[in-house]
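Each residue takes its place number in the sequence, starting with 1.
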Amino acid sequence: MSEHGEAAGRLRVELFGGLRVGRGGADLAVPGARLRGLLVRLALAAGRPVGAGILVDSLWPSERPADPANALQSLVSRLRRVLGDADAVTQDEGGYRLAVGDDDVDVIRFERLAGSGRQRLRAGDVSGAAELLGAAAGLV
């Protein structure tokens, strides 16, 4: 997993080069396409809630289950077990949320670093831009 000061128990999601999930330095296997799809969709929100309807549409784009809300809840329960923490995926009024921040998901971190690098370049700070863009490129 990532070398960015990973604390024990902190969830990390890497999407560049294939899905990798880890906690406390140990890789976690996420079996099944739908379970991986749920994890990826939640990870891309970087800790913000994703509505149940959006998740259902993402996970079952053509053939919905008979009871989509129940099927989603079942999938969320399975993901919590795989991640080894009932609080890894929480539910609130806004939907479901994965317990990660911007730096815990490589794609989100890349976007942040690249955006900051572009801002520095526009401001004329070439060396600062190079440092940030280099860090972003190192994630890919």
Which heavy atom of [X] sits nearest a heavy atom of [Y], and at what distance?
| X | Y | answer |
| --- | --- | --- |
| Phe110 | Leu139 | N-CD1, 3.7 Å |
| Leu11 | Ala99 | CB-O, 4.1 Å |
| Gly117 | Ala129 | O-CB, 3.3 Å |
| Ala114 | Ala136 | N-CB, 4.0 Å |
| Leu28 | Arg23 | CD1-CB, 4.1 Å |

task: Please lay out, stage by stage, how Leu19 and Leu39 fare under the test side chain to side chain contact (heavy atoms under 4.5 Å, CB included).
output: CA-CA 10 Å; Leu19 176 63; Leu39 175 67; 4.2 Å; yes

What is the distance from atom [atom1] of [X] to atom [atom2] of [Y], rounded to the nearest 0.5 Å?
| X | Y | atom1 | atom2 | result |
| --- | --- | --- | --- | --- |
| Gln91 | Leu72 | CD | CG | 8.0 Å |
| Ser127 | Leu132 | OG | CG | 10.0 Å |
| Arg97 | Asp87 | CZ | CG | 12.5 Å |
| Arg10 | Asp103 | CZ | CG | 7.0 Å |
| Leu42 | Leu55 | CG | CG | 5.5 Å |
| Leu44 | Leu15 | CG | CG | 5.5 Å |

query: Does one hydrophobic cluster hold both Leu113 and Val140, with members joined at side-chain heavy-atom distances below 4.5 Å?
result: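 Yes, it is one cluster - the side chains of Leu113 and Val140 are joined through contacts under 4.5 Å.
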
- prompt: Is it true that Ile54 and Leu35 fall in one hydrophobic cluster, defined by side-chain heavy atoms closer than 4.5 Å?
  reply: yes

message: Can you tell whether the side chains of Arg112 and Asp102 come within less than 4.0 Å, N to carboxylate O?
response: no

query: Between Asp27 and Arg20, does at least one N-O distance fall below 4.0 Å, as a salt bridge requires?
result: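 The answer is yes: the pair qualifies as a salt bridge.
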
For [X] and [Y], indicate whether the former's side chain and the latter's backbone hold a donor-acceptor pair under 3.5 Å.
| X | Y | result |
| --- | --- | --- |
| Asn70 | Gln73 | no |
| Arg34 | Leu59 | yes |
| Arg41 | Leu38 | no |

With heavy-atom distances below 4.5 Å as the criterion, would you say the side chains of [X] and [Y] are in contact?
| X | Y | answer |
| --- | --- | --- |
| Trp60 | Pro65 | yes |
| Arg80 | Asp85 | no |
| Val13 | Ile108 | no |

- request: Scan Val50, Leu75, Val76 and name whichever one has a side-chain contact (heavy atoms from CB on, under 4.5 Å) with Tyr96.
  value: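 Among the candidates, only Val76 passes.
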
message: Between Arg12 and Val105, is the side chain to side chain contact (heavy atoms under 4.5 Å, CB included) condition met? List the steps.
response: CA-CA 6 Å; Arg12 296 279 192 184; Val105 181; over 6 Å; no

